[in-house]
Protein chains: 2
Amino acid sequence: MSRSRGLPPLKSMQAFRYAAEVLSFKAAADQLFVTQAAVSQQIKTLEQHLGVALFERHTRQVALTSEGRYLFDYIEKAFRLMEEGVRGISEDANPNTLVISVVPSFSSRWLVPRLGLFQQQAADINLRLSPSIGLSDFANSDLDLCVRLGHGQYEGLQSELLFEEFLIPVCHPDLFHEKEPIEQQLSHIPIITDTGPDMDHVWPKLQTFLKMYDMPLKSHLHVADSTSLVEALLSRQGLAMMRFSLVYELLQKKLLICPLPVYMKSKYDFYLVAPAPHFRYDKVQSFRRWIKGEVKRIDESWLTYLEAHQSFREIKMS
Amino acid sequence: MSRSRGLPPLKSMQAFRYAAEVLSFKAAADQLFVTQAAVSQQIKTLEQHLGVALFERHTRQVALTSEGRYLFDYIEKAFRLMEEGVRGISEDANPNTLVISVVPSFSSRWLVPRLGLFQQQAADINLRLSPSIGLSDFANSDLDLCVRLGHGQYEGLQSELLFEEFLIPVCHPDLFHEKEPIEQQLSHIPIITDTGPDMDHVWPKLQTFLKMYDMPLKSHLHVADSTSLVEALLSRQGLAMMRFSLVYELLQKKLLICPLPVYMKSKYDFYLVAPAPHFRYDKVQSFRRWIKGEVKRIDESWLTYLEAHQSFREIKMS
DNA sequence: ACCATGGTTAAGTTTTTCTTAATCATAGAC
DNA sequence: GTCTATGATTAAGAAAAACTTAACCATGGT
């Protein structure tokens, strides 16, 4: 009747974790800031506790046995979990540096231009924009907060809606002549797309819709990212489906127009995302307060826009 | 620039794990076989390392702070992983006791009757049949091996196909008179079902098939498990879709017949399942060798059966 | 043939962790 | 309201675990 909770010495498992990772006791010892002898002993202890050899000792190098490989899977995951949990919760080591990761398009076209305002009201905070990490891993970096486009569900993380995103077709005002009917002009205007996350779903929907009105859309231009897309739009390259948040100011200034009476709800919205405890950091709180205030203007602008274009129809995604 | 791999003392996290689980330093201390003072000190150490309070100290009891709750999620999972890994790999503590968990129907109707044979050829092994656990958790029990009906994919476990399972309609020979056409007799015979894992998919398929031949199936009898189902069949209660493995001997002895010229591949097959290292235990090896030999006869019997009924058609599940 | 490298082992030292014992605070019994 | 029993805290010293040092072994590469 073996005790269900009798783990080997934890330190021996830690030594194992490092040693198995680099397949060298010496290298592991260096990482742990101890001598090889210490690692050697810990591994031995662990093997004795388990009654199983974890490493094959060859001369001047070690290899994992199949049992070792099996165990490593678990131990490695376990330590990663601990690291993640600890990092999430630890006292803010740099209370004056706020590291945020922001999806690039939103960052350059919306956030950066406004950042001056934030710096003014929080002069003591040193802001660092981290390039958007694939899986925003809070575990292995100093990252404090993410602005992400998504559904707001992130495993182990807390998230808060920033604003709902809408998509509208926009182009340069010169591309359309008010006198002629839209249908005829459309076929002359290239579509511009980028590799955004929900663009795949959007264009088919829009095209189906336009077909109902017998509006053809033909030629195509594809650019790398939303930032280039905006540039392309401003230089009269064609028509694109854009996030409202990225173009609402350009619409206000009449630098762009919306030639088609339609809009869509984006499949994804913008969220603030971080491990729950990060939301308690002063620096995060003050950023959150600031950006929520700024972002409110996007919502307001959207309502104004809808009111001004009451005939516009929503194309449902579902 | 915080080091990415600077965990707090591991023992302090272990103490936290126990303390957070029972919300009492004293109870945690008892489980860890140390004094309260030790736990108190460890928790304090951890909190100092993190710079964050993990417990709210009330008089005579403690509660987790929100940070504590957050951390506990991770720490708890991490320790469970370690336990699972360690248990999977540990030297076999009871090399003479083989604990296997078997799906009940297969156990009582197939395995148990044959177990005598295994005991003979492995007299030193003390066999224990464990009632089929929901999630066959090797982490928290002495379980050595599972016989499971499934797809053969189990997270973190190794599995080996025992045999492919087929489903055939069977009933007592008395229920059908050879002279009359089957179609007419069918409507008088109750269908018997149990709550097996793929029965839901099976009957609709079969009924669709039978409709093509204009064979109606009407009345219904539902029993708790496959064992009762076999009893019901033998006592002429009706017709059922059965796993071939459970009835092939009864077919051979003409105690049951297959009145309809159809069969289906089961959605699930039988697998041996265990953490990879368990397959190296002598006792497991010898059981595996034995059952593979026994099971071969099911496969052979199936081939014989197919040959003897070449007109039978397979109903595809896809 | 011979370093240099990386792993092992034993002995002794350092560090961590635990116990003991005294102290505190208060919920619950009376 | 007082008393007591419970559970948490703290300091000091004891016990246990972990580490270092140093001598030793095996062998791949020069």
Side-chain angles (χ1 to χ4, degrees), chain A residues 3 5-65 67-68 71-72 75 79 82 86, chain B residues 3 5-65 67-68 71-72 75 79 82 86:
Chain A
R3 276 215 323 276
R5 291 179 148 195
L7 284 175
L10 300 172
K11 285 228 165 169
S12 72
M13 297 206 273
Q14 190 181 40
F16 172 73
R17 188 259 258 245
Y18 281 74
E21 189 179 340
V22 294
L23 293 177
S24 153
F25 291 4
K26 180 164 205 303
D30 291 345
Q31 293 192 61
L32 287 161
F33 304 105
V34 295
T35 57
Q36 321 87 303
V39 172
S40 178
Q41 284 169 157
Q42 291 291 5
I43 302 290
K44 194 182 166 195
T45 307
L46 180 56
E47 288 180 322
Q48 280 171 350
H49 261 268
L50 299 173
V52 166
L54 298 171
F55 288 97
E56 291 166 12
R57 272 76 165 178
H58 303 119
T59 153
R60 301 177 66 175
Q61 74 172 3
V62 291
L64 283 168
T65 62
E67 284 86 357
L71 183 63
F72 181 59
I75 300 291
F79 275 99
M82 288 189 176
V86 165
Chain B
R3 276 215 320 277
R5 290 178 148 196
L7 283 176
L10 299 173
K11 288 226 164 171
S12 72
M13 296 205 272
Q14 192 181 40
F16 172 72
R17 189 260 256 244
Y18 282 73
E21 190 180 339
V22 294
L23 293 177
S24 152
F25 291 4
K26 180 164 205 302
D30 291 343
Q31 294 192 60
L32 287 161
F33 305 104
V34 296
T35 56
Q36 322 88 302
V39 173
S40 178
Q41 284 169 159
Q42 291 292 6
I43 302 291
K44 193 181 165 194
T45 307
L46 181 56
E47 289 180 322
Q48 279 171 352
H49 261 269
L50 299 173
V52 166
L54 298 170
F55 288 96
E56 291 165 11
R57 273 78 164 176
H58 303 121
T59 151
R60 302 177 67 174
Q61 77 174 0
V62 291
L64 283 169
T65 62
E67 284 86 357
L71 183 63
F72 182 59
I75 298 291
F79 275 99
M82 287 188 177
V86 165

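Computed from a predicted model, the values in this text were never measured in an experiment.
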Original post:
Is any side-chain heavy atom of B/Met13 closer than 4.5 Å to a side-chain heavy atom of A/Val86?
Top reply: yes
**OP:** Starting at atom OH of A/Tyr18, determine the distance to atom C1' of D/dA18, rounded to an integer number of angstrom.
**Re:** 16 Å
**OP:** Report yes if a side-chain nitrogen or oxygen of B/Thr35 is closer than 4.0 Å to either non-bridging phosphate oxygen (OP1 or OP2) of C/dT19; otherwise report no.
**Re:** yes
Original post:
Can you check whether B/Ser40 has a side-chain N or O nearer than 4.0 Å to OP1 or OP2 of D/dA8?
Top reply: no
Subject >> d(CE, A/Met13; P, D/dA18) in whole Å >> reply: 11 Å
Subject >> Closest to the A/Lys26 side chain, choosing from C/dG6, C/dA25, D/dT20 >> reply: C/dG6
What protein N or O atoms touch nucleotides 28-30 of chain C N or O atoms at under 3.5 angstrom, if any, and at what distances?
none

Original post:
Taking CZ from B/Arg57 and C1' from C/dT26, how many angstroms apart are they, rounded to a whole number?
Top reply: 17 Å
Original post:
Rounded to whole angstroms, how far apart are CD1 on A/Ile43 and P on D/dC19?
Top reply: 11 Å
Subject >> Per A/Phe25 side chain, nearest of listed nucleotides C/dT8, D/dA8, C/dA21 >> reply: C/dT8
Original post:
In terms of the nearest nucleotide of DNA chain C, which residue is placed more toward the 5' end: A/Gln36 or B/Gln36?
Top reply: A/Gln36
**OP:** Figure out the CD/C1' separation between B/Gln14 and C/dT16, and round it to whole Å.
**Re:** 14 Å
**OP:** Return no unless some side-chain N or O of B/Gln42 is found under 4.0 Å from OP1 or OP2 of C/dC18.
**Re:** yes
Original post:
Rounded to the nearest 0.5 Å, how far does CG of B/Leu32 lie from CZ of B/Arg17?
Top reply: 9.0 Å
Subject >> Euclidean distance, atom CD of residue A/Gln48 to atom C1' of C/dT9 [Å, nearest integer] >> reply: 12 Å
Subject >> Residue pair B/Phe79 / B/Gln14, side-chain heavy-atom distance below 4.5 Å >> reply: yes
Original post:
Between D/dT9 and B/Lys44, is there an OP1 or OP2 to side-chain N/O distance shorter than 4.0 Å?
Top reply: no
**OP:** Report the distance from atom CG of B/Leu10 to atom C1' of D/dA18, rounded to the nearest whole Å.
**Re:** 12 Å
Original post:
Start at the 5' end of DNA chain D and walk down; is the nucleotide closest to B/Gln41 or to B/Ser24 reached first?
Top reply: B/Ser24
Subject >> Set of salt bridge (charged side-chain N to carboxylate O under 4.0 Å, His left out) partners for B/Arg57, sequence neighbours left out >> reply: B/Glu47
Original post:
Of the candidate nucleotides D/dC19, C/dT8, C/dC18, which contains the atom at the shortest distance from the side chain of A/Ala38?
Top reply: D/dC19
Subject >> Minimum heavy-atom distance between B/Ala20 and B/Leu64, given as atom pair plus value >> reply: CB-CD2, 3.9 Å
Subject >> Minimum heavy-atom distance between B/Ala53 and B/Glu67, given as atom pair plus value >> reply: O-CB, 4.1 Å
Subject >> Residues in ring pair (Phe, Tyr, Trp, His ring centres under 6.0 Å) contact with B/Phe72, at least two apart in sequence or another chain >> reply: none
Original post:
Atom CD of A/Gln61 and atom P of D/dC25: how far apart are they, to the nearest Å?
Top reply: 22 Å
